[in-house]
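Each remark here refers to the structure printed beneath this line.
For the numbers below, each heavy atom of this structure counts, side chains included, while hydrogens, waters and symmetry mates do not. Counting convention: from 1, in listed order, for ligands and their atoms alike.
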Amino acid sequence: MIQISPSVLSANFANLADEIQAVENGGADRIHIDVMDGRFVPNISMGPFIVETINSITDLPLEVHLMIDEPDRFVDSFIDAGADILIVHQENTLHLHRVIQSIKEKGKQVGVALNPATPNHLINDIINYLDLVLVMSVNPGFSGQMFIEEVLPKISQFRQLILDENIDCDIEVDGGINTKTAPDVILAGANILVAATAIFKHKEGIIEAIQQLRKS
Ligand code: DX5
Ligand code: ZN
């Protein structure tokens, strides 16, 4: 089953409740919340308070993509705010195994994200512990960037590894996903698509956008 995870980074926050309702009506499977600290990535976005707000208006699972230094310092705050899936980056998490364990001990799902330039093999030894790997198809920090095609082989490599070793782990792709890039990403082996611009900035509206993305 292919899942669609709209990223609220491109939502209209003046109308957040309506936008989340449209996301639900469009058949989205989860909601992606991009947390940025202005250090790990050159942008600042939202904190636990926004997660709490979104949690109060939807029953969809909330995945929190932590693009922050020392993510372990904030894991608990995001769990308390209502996060169901916590995603940390490999590049800035020194004790990755420890962070993964601490998230799982709290009964939440855990994912690890890799930037486009980060080789897959850096997480091969811990993929068994993960609920998902997040393959970044843009350099994190902003929505509306162009899809980086060179990540397609990374998706296929993860799919092969997961099949070979019979691991239960989703492959999610984030950045530049739209009706043109989604088919390639799915063919390469991904099963969850994150999209901000293609959903929230679609000229025919959020519901139509999700349906078109799924059709593609
Ligand atoms: C980028 C974020 C993405 C972003 C995707 O740093 O992690 O989730 O919102 O935006 P689009 O779909 O517009 O590329
Ligand atoms: Zn993201």
Side-chain angles (χ1 to χ4, degrees), residues 2-13 16 19-20 22-23 26 28-47 50-51 54 60-69 71 74 78 83-93 109-118 130-152 154-155 170-186 190-203 205-206 208-210 212-214 216:
I2 306 302
Q3 292 193 27
I4 295 181
S5 184
S7 157
V8 293
L9 194 58
S10 292
N12 175 2
F13 273 74
L16 191 58
E19 305 246 311
I20 298 287
V23 156
D29 301 281
R30 40 173 83 196
I31 293 177
H32 185 90
I33 301 169
D34 287 304
V35 176
M36 307 179 182
D37 66 353
R39 289 185 66 87
F40 179 60
V41 292
N43 194 8
I44 297 176
S45 60
M46 36 202 142
I50 302 284
V51 175
I54 295 174
L60 286 177
L62 304 184
E63 62 180 17
V64 174
H65 179 188
L66 294 171
M67 287 163 277
I68 59 176
D69 278 342
F74 288 98
F78 283 101
D84 300 291
I85 304 147
L86 285 292
I87 303 170
V88 298
H89 268 259
Q90 184 278 335
E91 297 84 3
N92 63 347
T93 310
Q109 292 193 28
V110 62
V112 170
L114 295 184
N115 285 336
T118 305
L130 303 180
D131 296 291
L132 70 87
V133 292
L134 178 60
V135 178
M136 291 303 300
S137 42
V138 298
N139 289 295
F142 303 93
S143 52
Q145 302 182 80
M146 282 261 294
F147 180 79
I148 298 172
E149 273 188 25
E150 286 74 14
V151 305
L152 288 171
K154 295 176 69 175
I155 301 168
D170 291 315
I171 302 177
E172 182 172 49
V173 181
D174 185 5
I177 298 297
N178 53 42
T179 52
K180 292 193 182 66
T181 55
D184 293 340
V185 161
I186 297 300
N191 67 306
I192 307 177
L193 301 173
V194 177
T197 307
I199 290 176
F200 289 100
K201 304 282 188 197
H202 196 286
K203 55 182 185 324
I206 293 168
E208 186 66 23
I210 295 174
Q212 286 182 16
L213 191 57
R214 202 178 287 283
S216 76

Review point. Is a side-chain N or O of Asn115 found less than 3.5 angstrom from the main chain of Asn139, in a donor-acceptor match?
Key: no
Review point. Distance only, no hydrogens: is a donor on one side chain within 3.5 Å (strictly under) of an acceptor on the other, for Asp184 and Thr181?
Key: no
Practice item. Determine yes or no for a side-chain-to-main-chain donor-acceptor pair under 3.5 angstrom, with Asp170 supplying the side chain and Glu172 the backbone. Key: no
Point to revise | Flag, side chain of Ser137 to backbone of Asp174, donor-acceptor distance under 3.5 Å | key: yes
**Study point:** Sequence-distant partners of Asp29, salt bridge (Lys or Arg N to Asp or Glu O under 4.0 Å), two or more places apart
**Key:** Arg214
Revision key, fill the gap. Given a cut-off of 2.8 Å, the protein N, O or S atoms lying below it from the Zn ion (ligand 2) are His32 NE2, Asp34 OD1, His65 ND1, Asp174 OD2
Review point. Residues in salt bridge (Lys or Arg N to Asp or Glu O under 4.0 Å) with Asp69, at least two apart?
Key: Arg39
**Study point:** For Ser143, the option from Asn43, Thr197, Asp34 that meets side-chain contact (heavy atoms from CB on, under 4.5 Å)
**Key:** Thr197
Pairwise, report which nitrogen or oxygen atoms of ligand 1 are under 3.5 angstrom from protein nitrogen or oxygen atoms, and how far apart they are.
{"residue": "ligand 1", "atom": "6 (O)", "partner": "Gly141", "partner atom": "N", "Å": "2.7"}
{"residue": "ligand 1", "atom": "7 (O)", "partner": "Asp34", "partner atom": "OD1", "Å": "2.9"}
{"residue": "ligand 1", "atom": "7 (O)", "partner": "His65", "partner atom": "ND1", "Å": "3.2"}
{"residue": "ligand 1", "atom": "7 (O)", "partner": "Asp174", "partner atom": "OD2", "Å": "2.9"}
{"residue": "ligand 1", "atom": "8 (O)", "partner": "His32", "partner atom": "NE2", "Å": "3.4"}
{"residue": "ligand 1", "atom": "8 (O)", "partner": "Asp34", "partner atom": "OD1", "Å": "3.1"}
{"residue": "ligand 1", "atom": "8 (O)", "partner": "Asp34", "partner atom": "OD2", "Å": "2.8"}
{"residue": "ligand 1", "atom": "8 (O)", "partner": "Asp174", "partner atom": "OD1", "Å": "2.7"}
{"residue": "ligand 1", "atom": "8 (O)", "partner": "Asp174", "partner atom": "OD2", "Å": "3.0"}
{"residue": "ligand 1", "atom": "9 (O)", "partner": "Ser7", "partner atom": "OG", "Å": "3.0"}
{"residue": "ligand 1", "atom": "9 (O)", "partner": "Asp34", "partner atom": "OD2", "Å": "3.0"}
{"residue": "ligand 1", "atom": "12 (O)", "partner": "Ala196", "partner atom": "N", "Å": "2.8"}
{"residue": "ligand 1", "atom": "13 (O)", "partner": "Gly144", "partner atom": "N", "Å": "2.8"}
{"residue": "ligand 1", "atom": "13 (O)", "partner": "Thr197", "partner atom": "N", "Å": "3.1"}
{"residue": "ligand 1", "atom": "13 (O)", "partner": "Thr197", "partner atom": "OG1", "Å": "2.5"}
{"residue": "ligand 1", "atom": "14 (O)", "partner": "Gly176", "partner atom": "N", "Å": "2.8"}

Practice item. Mark yes or no for whether Asn92, through its side chain, and Ile68, through its backbone, hold a donor-acceptor pair below 3.5 Å. Key: yes
Review point. Side chains of Thr118 and Gln90: do they bring a donor and an acceptor to under 3.5 Å?
Key: no
